[in-house]
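Scroll down for the structure; my scribbles are underneath it.
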Amino acid sequence: MSEQVAVIAPAMVAGAEPLTHLALQELIFEATHACLGRAKFPLARVESVVLAASDLVDGVGISSMVTATAAGAYLKDEIKVAGDGIFGAILGYLRVASGEFASTLVVSWGKCTQAPMPLVGTLGADPFFQRPVGLNDVTTAALEAGQYLRAFGFDESSGAAVAVKNLAAAMANPHAKRKCAVSAAEVMASRQLAWPLRELTTPAYADGACAVLMVSEALAREIRHPYARVRGVGWATDAYDVSEREPAAWRSLRIAADQARDMARIDRIPGRVHVAEISEITAFHELMAYEALGLCKQGDAPRVLADGMPGPAGRLPVNPSGGLIATSPHPASGLFRFAEAVLQVTGEAGGHQVRDARTALAHGASGMGGQSSGVVIVEGV
Amino acid sequence: MRRVAVIGVGQTRYVTKRKDASGPELVYEAVASALRHAGLTRDDIQSVVFASAPESFEGVAAPDLWCADAAAARTKPYLRIHTGGATGASGFLAGVSHVASGMFDVVLVIAFQRVGESPEAQAILNTIWDPFYEKDLALNIIATAALHGSRHMQKYGTTEHQAAKVAVKNHRNALANPHAHLRKAVSIDDVLASRVLCWPVKLLDCCPRSDGACAVILASEEQARRLSPRPAWVRGVGSMTDTYWLGERVDDDGFDLADVRPVALAAQRAYRMAGITKPLAQIDVAEIYAPFSTMEIACYEALGFCARGEGGRFIEDGRSEMTGDLPVNPSGGVQCANPIGATALVRVAEAALQVMGDAGERQVPDVSTAVATGAGGMMQMMTCAVLGKEPA
C-alpha cells in the first residue's frame, strides 16, 4: 500500500538580479538550509536526497559530484534526475510513497545567467535531421505556438494577453526576475525570437534554487509545520519529432494532468482545483495548457483568459506567481511551480496568495516544445 | 515495501563505436531484447526510466527525449537519471521505487551511452572536476584511480601482481560473454608489461570505452509470478554518496580513500534488507563495478567478502575466480566493457541472469543470491543491489 506523502517548507532562492555573489554550491546550500530551517528538521534525520539539475546549465560534467553535498547529500542515499525539477518531486514522491524512505529532500537549481542558454537549447536537437534546419527549443516552441494560432484563427495578441497577466502577477512575487508590469503593446514590441514568439512571451532565464522536504504524513504530523498532502501525480512524454505530436495541443500535459486527476479522484479540474502553477514555455503554451487542463474546449483559451477565469481573481487562477515568463531558473522551474502550489495551499504564498486555495496543481516540463510533462496535485491539510 | 523482481534483461554488444546504429537504434536493440526475454510487448510497459551519463559523450542533450520512441516511452511516464558511472544502477533503483510505490506493475529501465561518439573520453571526463581548484590539474578518472590504487598499496601492501591477477581473471571470464567488448585472454606478464598510464594503473588494468545499451524489466510480485518462471527478486538495495573531495574521504573508523567507504555503506543497507549477515557464505556471485584492478580488490573488502586489507590475498588465493568461493564478474566486468551510463545496469542485468539461470556459458552453478554494485564520480556515488531466487 502506498504511504501518504506530505510536502513541507518549500524554500526558494531567486530574485530579479543575477546571483553573482553566490557560487553554485552556495546557492544550492542557501535553499537547502532554508528549507530545513523552516521545517526545523535536522539534516541528520533526512534519509534521502533527490536532485534535479542539468550538467549543461551547470557547466560541469556529472555536476552532482560537486553539488550533491551542498544539497545535504553527504553520506546519504542520493540520486539525480536529469530533467525539470518537477521530475525530482515526482521521484521524491515515489521514494516516500513506497515506504523506502520516511523523508526525502528534493533540491533543484539553475544558474542560467552563467550558462549559454541558446546553445543549451540547441543541443537538445539531433544533429542529423534537426540542427541542420535550425530546429532548437525556441523554434520548436514557435512551430507549436504557430500551429495553435493557425488552427483557431488567432493572432500574436492572444499570447501577449498571457504575458500581461503573468508579468502583472509577478509584481507580488519576490522571487520573480521580470519585475515590470507591461502592456500588450509593449509585449508585441519586444524583440522577436521566432514567429510568433517575442522575448516577453518566453521564459525569463534566471538564477535560482529551490528545496522542498517530502515526508510520510506520519512524520509530517510530528514535524508540526504546515504541510500539503500529495493527492495525485502524473507524468507523460510525447514524440520527440514535433511533427508527430498533436497539433495545437499540449498532449503531454493533458495526459499527465489526467493521470494526476484520476489518482486524486478528481473528476474535473475547474471547481475542484483552486489554483494552478504551470510551466508555460511560451505564452501560447499557457493557452494550450488551459485547454489541456480542461478549463475550456480546444480553441477557447483566449476567450476564457479575456473573461478572467485564469486571472488572479478568476475561478482558477493560473500562475499567480507569474510563471516562467516572470522567472525561469531552468531546469528548476517545475520545482518552483511545485513550491508555489504548496505555499498556496498552506496559506504561505504571501503577496500572491489566492484566497481559500485548498487544492493546487503544479506542472513542470522538459524538452523542446514541452515534450515531457509532470503534474502534481496537492491539498492543504 | 512492495516486492519487486527482474523479469527480463536485454543488452547490445559492447564495442568501441557502433557505426551501424544511431542512439535511438542502440536503445531499441536493448529494449527489444529485454521485451523478448520477458515475453512482453511494448504495450505491457507502464512506465520507463532512462539512464545515461554525461550527454557530452553523445553530443545530444536530453538523450532520453531523443530516444523516447525507441525506449517505448511515447505517452508514458518517463524520466531520466544521471549519476555518472552509477547511472545504470541508480536508474534501476528508481525503477524499483516506481514499482514499490504501488503506481506501476511493469517498469522498463533502459541505460545507454555512446562513449565512442566523442573523440576522447578522458577529455569529457576532465570536465567533471571542481572547476575552481582541481580542473586545471588535468585530473581524470585514470589519475584518480591511480591515487586510490597507490593508497591501497601503501596502506595494505597490495601488489601490482595481485592487481594484474584481477585483470587476467576478468579478461578470461569475458571470453564466455558474447556481449563483452574486450574478448582476449591476457597473462599476468602481459598486464605487468602493458603501458603505464598513471602508476600503478597500466593499460590492461583499465576499462575500455564502449558504446552500448542495456535494458531491465521490473515487475510487481503479482505480475512477476504471472509472467516469469524464474524472476530475480530484488531483495535489497542501497545507495550512498560521499564527499566529492578525495582528501576528505577519511573518518574516525580508519577508513580513507583506499577503502571505498560509500559502497560499504550502500552494501550495509542492501544486506540488511536482504538478510545478509555473512556475505561470503550467503552470496553466490557478484558483479562488481570496477573499471580498474585495484578498485575490484578494494571492493572485495568493502563488500565484506574478506577483511579490510585482505583483498589482494582474496584474488591471490583464487577466491574470486569462476572456480572460487565467490566468483566475481563472470561477465568480465567493467574492465571488459564500459558503456559508462549503462555499465552499472549491466552489472544488475548480469546478476539477474545468474539468478535466473540464463547466463549461458558464464553461468555460475546453483546461484541463489547475487550482488551487483555501481560507482559514479570518483567512487563517490555508489550503489549495491542484492538479487535472489526468493523474495526477501
Side-chain angles (χ1 to χ4, degrees), chain A residues 1-2 23 49 54-56 59-69 73-83 87 90-91 93-95 97-100 120-128 233-241 244 251-252 255-256 259 263 366-368 371-372 374, chain B residues 1-2 22-23 48 52-56 59-62 64-69 73-85 90 93-94 96-103 124-132 237-244 262 265-266 269 376-378 380-381:
Chain A
M1 280 305 298
S2 295
V49 179
S54 160
D55 283 3
L56 299 179
V60 181
I62 316 177
S63 71
S64 58
M65 286 170 66
V66 299
T67 55
T69 50
Y74 176 58
L75 294 187
K76 299 221 187 276
D77 187 315
E78 167 266 321
I79 188 168
K80 189 186 125 180
V81 170
F87 298 100
I90 287 169
L91 184 57
Y93 167 81
L94 293 173
R95 293 188 131 204
S98 64
E100 292 173 274
V120 172
T122 298
L123 288 173
D126 90 57
F128 310 115
V233 184
W235 62 112
T237 290
D238 210 328
Y240 178 64
D241 186 340
E244 293 191 20
R251 177 162 62 180
S252 68
I255 296 174
Q259 271 176 23
M263 187 174 153
S366 282
M368 304 195 302
Q371 181 184 349
S372 193
Chain B
M1 195 180 108
R2 217 161 75 119
S22 66
V48 185
S52 75
E55 50 266 61
S56 314
V60 179
D64 54 319
L65 298 180
W66 177 38
C67 299
D69 283 346
R74 197 193 286 199
T75 75
K76 296 183 191 160
Y78 187 41
L79 53 79
R80 174 175 169 226
I81 299 293
H82 165 25
T83 55
S90 299
L93 265 52
V96 168
S97 299
H98 278 57
V99 178
S101 72
M103 279 190 79
I124 305 274
L125 291 170
N126 179 244
T127 68
I128 69 181
W129 309 103
D130 171 83
F132 303 114
V237 288
S239 176
M240 187 58 54
T241 291
D242 207 332
T243 177
Y244 163 79
L265 295 172
R269 180 161 187 266
M378 181 46 202
Q380 182 188 352
M381 294 91 78

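By convention in this document, chain letters (A, B, ...) are assigned in the order of the sequence lines, proteins followed by strands, and residues within each chain are numbered from 1.
- In terms of non-hydrogen atom pairs under 4.5 Å with chain B, the most contact-rich of A:V49, A:T69, A:V60 is A:V60.
- Of the listed residues (A:I90, A:I255, A:I79), the greatest number of heavy-atom pairs within a distance under 4.5 Å of chain B belongs to A:I79.
- Residues that satisfy the ring-ring contact (aromatic ring centres under 6.0 Å, His included) test with B:H98, not counting sequence neighbours, are A:W235, B:F104.
- For the atom pair CG (A:D55) and NE2 (B:H82), the distance works out to 3.5 Å, reported to the nearest 0.5 Å.
- With a threshold of 4.5 angstrom between heavy atoms, B:M381 approaches chain A through side-chain atoms but not through N, CA, C or O.
- The pair A:E100-B:R269 does not meet the salt-bridge criterion, since no charged nitrogen lies less than 4.0 angstrom from a carboxylate oxygen.
- When the candidates A:G124, A:G99, A:G367 are compared by the number of heavy-atom contacts under 4.5 Å with chain B, A:G124 comes out ahead.
- Applying the salt bridge (Lys or Arg N to Asp or Glu O under 4.0 Å) criterion to B:D242, with sequence neighbours excluded, gives B:R261.
- Ranked by heavy-atom pairs under 4.5 Å with chain A, the first of B:V48, B:D64, B:V96, B:T75 is B:T75.
- Proximity to chain B (any heavy atom under 4.5 Å) is shown, for A:A239, by both the backbone and the side chain.
- Between the side chains of A:S372 and A:T237, at least one donor-acceptor pair of N or O atoms lies under 3.5 Å.
- Of the atoms belonging to A:A125, it is backbone heavy atoms, and not side-chain ones, that fall under 4.5 Å from chain B.
- Between the CH2 atom in B:W66 and the OG atom in B:S22 there is a gap of 6.0 Å [rounded to 0.5 Å].
- For chain B, the nearby parts of A:K80 are the backbone and the side chain; heavy atoms of each come within less than 4.5 Å.
- One finds the NZ atom of B:K76 at 13.5 Å from the CG atom of A:D238 (value rounded to the nearest 0.5 Å).
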Take A:F87 and B:R80 through the side-chain contact (heavy atoms from CB on, under 4.5 Å) test and state the conclusion after the steps.
CA-CA 9 Å; A:F87 298 100; B:R80 174 175 169 226; over 6 Å; no
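- For B:L265, the part lying under 4.5 angstrom from a heavy atom of chain A is the side chain only.
- The most heavy-atom pairs under 4.5 Å with chain A, out of B:A73, B:G59, B:P262, come from B:G59.
- When heavy atoms are compared at a cutoff of 4.5 Å, A:Q259 approaches chain B solely by way of its side chain, counted from C-beta outward.
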